[in-house]
Amino acid sequence: MSRWSGTVSRAAAGAVGAALVVAALSTPAEGYPATPGNYPSGSSATVATGRGFDTCTAPSLAALQAWRASPFRTVNIYFGGVNRGCTQPNLTAAWVRGATAAGWRLLPTYFGRQPFCLLGTKPHRYTSGTAGSYGISDAQDAVAQARALGLLPGSALYADVEHFDRTNADCVLAVRRYVSAWTVTVHQAGYLAGVYVHQDSGLPTLSGSYGSASWARPDAVWMARWDGNSALTGWPTAPNTQWANHQRAKQYRGDHTETHGGVTLNIDSDALDAPVATVAQTFRVTSATALNARTGPSTAYPVARSIAPGASVAVVCQGHGQRVGSSGVWDRLTDGAWVADYYVSTPSSTTFSSSLPKCTYPGQVTSTTPLTARGGPGTNYAAAGAALQPGALAYVMCQSVGSLVGTSRVWNRMDDGRWVSDYFVGNQSSHTWSAPVPRCP
């Protein structure tokens, strides 16, 4: 895209050899390609759907307010990387909070080192020999930059790798090494791994290694194909069975200007059904007495601390819990504690608030065949909806005991209310509970 000097269009790629990936892990992976996430307690994933836009420099908050008149509800941010081409005078932690409070979802993109066969002039590159180490170091820097901006664990961080010469086998190897190292490293920090890919280079490269035992598979792909078609299925270089559950975005229209609310921006247009950034939102305690924050979403859990009436609380997400007043919703705070939503000034006092994500801790489906989702926590329950494809993200809200599958009686309730056996979900354990996922009420 012309805004990024010397590039053809942004595209991602890659993965890292097994030896390099294992060296990057603090604990052994439970098996490639679905490396487990390592979510801390004050974390959650957030999914954006609908239309979005990306522009080189993050717009001002005033411009974003004007663009509430547009059909877009997600905005990309270039939050780091040695090849980032634009200054970011607006991009601060305060801007992130303000944009989120105004109703915007954020799509974080890291413009790090590029493959040596890049079809462009970006100067900082990697070879097949250096791709693994640069994938790790870029991911570590991305995590640090994300934390500084207030992008919480559970956020998806997208590695931008531009369009490259896919006829060069050594360069394809380099790209796979880079993205695999990126994926493992951000997973260990508690983040989801995304990549931005060109339909003719990065996407077929990652599609070709989707089920490989040698490469860690990223959680989401953002594909560039400027054909004006916003569909998230029917892509020519990756089958619909790959990245099949809220794991896709598409940049369907390139460099152009649009005006909304009297403000003109130069943008690319995107369609999304994919994980994006998770950002805490501030609300007020509405109870007349001190509100107990607990270690789980029920009054049966111990009190972690008490919060004064009228005090501000930083809410990450909302989950199911014990009914309090008119609501069975509980809010998870940035320190991992839970409070009854009935006593917090979120938009709804009876149910989930659409402006807040549901608390989810995604893990990739590790089975080699489609995983049946059921109406309850056991194989005796009827199948419910479409099965989850291998590599699909299971957006887990809570866990419960159910029928034995493999080595585990743990079952996961997903954000859509369906259940899958935890034995086939790549999280921290295949036989017992996985922190910080709460027990289902």
Heavy-atom distance under 4.5 Å between the side chains of [X] and [Y], does that happen here?
X: V75; Y: D54; value: no
X: R305; Y: I307; value: yes
X: Y39; Y: S41; value: no
X: T346; Y: L356; value: yes
X: T74; Y: R51; value: no
X: W338; Y: C359; value: yes
X: I77; Y: Q88; value: no
X: P297; Y: Y301; value: yes

Do [X] and [Y] have side-chain atoms, one donor and one acceptor, less than 3.5 Å apart?
X: S207; Y: Q242; result: yes
X: D270; Y: N76; result: no
X: S128; Y: D170; result: yes
X: T130; Y: T127; result: yes
X: D141; Y: Y110; result: yes
X: N292; Y: S306; result: yes
X: H256; Y: D268; result: no
X: T49; Y: D273; result: no
X: N38; Y: Q188; result: no

>> Restricting to ring pair (Phe, Tyr, Trp, His ring centres under 6.0 Å), what partner residues turn up for F116, sequence neighbours left out?
In response: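 Not a single residue meets the ring pair (Phe, Tyr, Trp, His ring centres under 6.0 Å) criterion with F116.
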>> Going by ring pair (Phe, Tyr, Trp, His ring centres under 6.0 Å), name the residues that satisfy it together with F72, two or more places apart in sequence or in a different chain.
In response: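 For F72, the residues satisfying ring pair (Phe, Tyr, Trp, His ring centres under 6.0 Å) (neighbours in sequence not counted) are F53, W67.
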> Between H187 and D219, does a side chain to side chain contact (heavy atoms under 4.5 Å, CB included) hold up when you go through it step by step?
Replying inline: CA-CA 10 Å; H187 278 181; D219 301 295; 2.6 Å; yes
How far apart are the closest heavy atoms of [X] and [Y], and which atoms are they?
X: A220; Y: Y158; answer: CB-OH, 3.6 Å
X: A340; Y: V344; answer: O-CG2, 3.7 Å
X: N245; Y: L388; answer: ND2-CD2, 4.4 Å
X: F164; Y: G202; answer: CE2-N, 3.6 Å
X: Q389; Y: T241; answer: CB-O, 3.4 Å
X: G234; Y: N240; answer: N-OD1, 2.8 Å

Atom pair [atom1] ([X]) and [atom2] ([Y]), whose distance is rounded to the nearest 0.5 Å:
X: C398; Y: R439; atom1: SG; atom2: CZ; result: 10.5 Å
X: L192; Y: T46; atom1: CG; atom2: OG1; result: 9.5 Å
X: H198; Y: W222; atom1: NE2; atom2: CH2; result: 13.5 Å
X: S434; Y: N412; atom1: OG; atom2: CG; result: 7.5 Å
X: S201; Y: D165; atom1: OG; atom2: CG; result: 9.0 Å
X: C317; Y: L333; atom1: SG; atom2: CG; result: 9.0 Å

>> Checking W226 against Q251 for the side chain to side chain donor-acceptor pair (under 3.5 Å) test, could you report, in this order, the C-alpha distance in whole Å, the side-chain angles of both residues, the deciding distance, and whether it holds?
In response: CA-CA 7 Å; W226 296 351; Q251 187 184 78; 2.8 Å; yes
Hey, is the main chain of [Y] close enough, under 3.5 Å, to the side chain of [X] for a donor-acceptor pair?
X: T109; Y: A159; result: no
X: S348; Y: T351; result: yes
X: Q247; Y: L393; result: yes
X: N427; Y: S429; result: yes
X: S353; Y: S355; result: no
X: S269; Y: Y252; result: no
X: R248; Y: W243; result: yes
X: T259; Y: G262; result: no
X: T55; Y: N266; result: yes
X: Q428; Y: G37; result: yes

> Could you walk me through whether H320 and W330 pass the side chain to side chain contact (heavy atoms under 4.5 Å, CB included) check?
Replying inline: CA-CA 6 Å; H320 297 286; W330 282 64; over 6 Å; no
>> side chain to side chain donor-acceptor pair (under 3.5 Å) for R217 and Q364? Distances and angles first, verdict last.
In response: CA-CA 9 Å; R217 180 174 49 226; Q364 290 186 21; 2.9 Å; yes
Is the terminal nitrogen or CZ of [X] (NZ for Lys, CZ for Arg) located under 6.0 angstrom from the six-membered ring centre of [Y] and within 45° of that ring's axis?
X: K358; Y: Y395; answer: no
X: R225; Y: W235; answer: no
X: R113; Y: Y178; answer: no

> Could you go step by step and tell me if R284 and T286 meet the side chain to side chain contact (heavy atoms under 4.5 Å, CB included) rule?
Replying inline: CA-CA 6 Å; R284 183 175 50 84; T286 60; 4.1 Å; yes
>> Between D341 and R332 (salt bridge meaning N to carboxylate O under 4.0 Å), is one present in this structure?
In response: no
Check residues 93-102 and write down every donor-acceptor pair under 3.5 Å in which the side-chain atom is one partner and the other belongs to a residue at least two apart or another chain.
unit_1 : atom_1 : unit_2 : atom_2 : d
W95    : NE1    : P59    : O      : 2.7
T100   : OG1    : V96    : O      : 2.9

> Of Q114, H124, K122, which is the lone residue that meets side-chain contact (heavy atoms from CB on, under 4.5 Å) with V82?
Replying inline: H124
>> Would L206 and W215 count as a side chain to side chain contact (heavy atoms under 4.5 Å, CB included) here? Give the steps.
In response: CA-CA 9 Å; L206 296 183; W215 312 108; over 6 Å; no
